[in-house]
Amino acid sequence: MSSQRNSEPETGKDSVKPFPRSRDAILEGLDYALQPITDIGTGVVYGYEAQLDNGDCEDAPTIDELLDDAYAEGFLPDLEASLFAKALSRFGKLRTAQGTKLFSELTDAISDCRRIHACT
């Protein structure tokens with residue numbers, strides 16, 4: 001079987017259409033999965049962790065690459081605020097989440113004042 005795999009032509013990176021990396025494209029392309037945080041002994045759900053997901057697109061860059069691009073272009077703090085609003089919206093629509101908490105990770109761009117020009 002391995003000979004069949006090797007006989008197929010390889011696709012080079014040059015033939016792949018680049019994934020759009022503007023703020024709006026990243027915001028549209030990333031979504032959240034809400035992972036329940038559960039007491040394993042009782043089954044009680046205490047909250048949900050919002051986990052970024054870039055879908056199943058084979059050619060999509062990793063989430064870290066997209067966030068690195070957003071940082072390099074100077075819109076990471078704005079992107080993170082918009083992504084958090086997206087997570088809040090999804091969390092608010094989840095009926096089983098009533099009375100629970102939402103947890104989300106942020107990059108150090110929010111806490112690192114050297115990266116945020118408005119911080120003084």
Test side-chain contact (heavy atoms from CB on, under 4.5 Å) applied to Leu79 and Leu67, step by step: CA-CA 9 Å; Leu79 177 67; Leu67 295 177; 4.1 Å; yes
Hydrophobic cluster (4.5 angstrom, side-chain heavy atoms) - remaining members for Ile40: none
Residues clustered with Tyr46, ILVMFWY side-chain links under 4.5 angstrom: Val44
Compare every heavy atom of [Y] with every heavy atom of [X], then report the nearest pair and how far apart it is.
X: Leu34; Y: Pro36; result: O-CD, 3.6 Å
X: Phe75; Y: Ser22; result: CZ-C, 4.0 Å
X: Leu88; Y: Leu102; result: CD2-CD2, 3.6 Å

Lys86 side-chain N/O to Leu27 backbone N/O, donor-acceptor pair under 3.5 Å: yes
Check: residues 92-101 side-chain donor-acceptor pairs under 3.5 Å, at least two apart:
{"unit_1": "Thr96", "atom_1": "OG1", "unit_2": "Tyr48", "atom_2": "OH", "d": "3.2"}
{"unit_1": "Thr100", "atom_1": "OG1", "unit_2": "Ala97", "atom_2": "O", "d": "2.5"}

Side chain to side chain donor-acceptor pair (under 3.5 Å) partners for Ser82, two or more places apart: Arg23
Residues which pass side chain to side chain donor-acceptor pair (under 3.5 Å) with Gln51, listed by chain and number, not counting sequence neighbours: Glu49
Pairwise distance CG(Asp31) to CG(Asp53) - rounded to 0.5 angstrom: 7.0 Å
Euclidean distance, Ile26 CD1 relative to Asp69 CG, rounded to 0.5 Å: 6.0 Å
Transitive ILVMFWY side-chain link Phe103 to Leu52, under 4.5 Å: no
Partner set under side chain to side chain contact (heavy atoms under 4.5 Å, CB included) for Glu65, not counting sequence neighbours: Arg21, Pro61, Thr62
Heavy-atom check, side chain of Leu30 versus side chain of Leu83, under 4.5 Å: yes
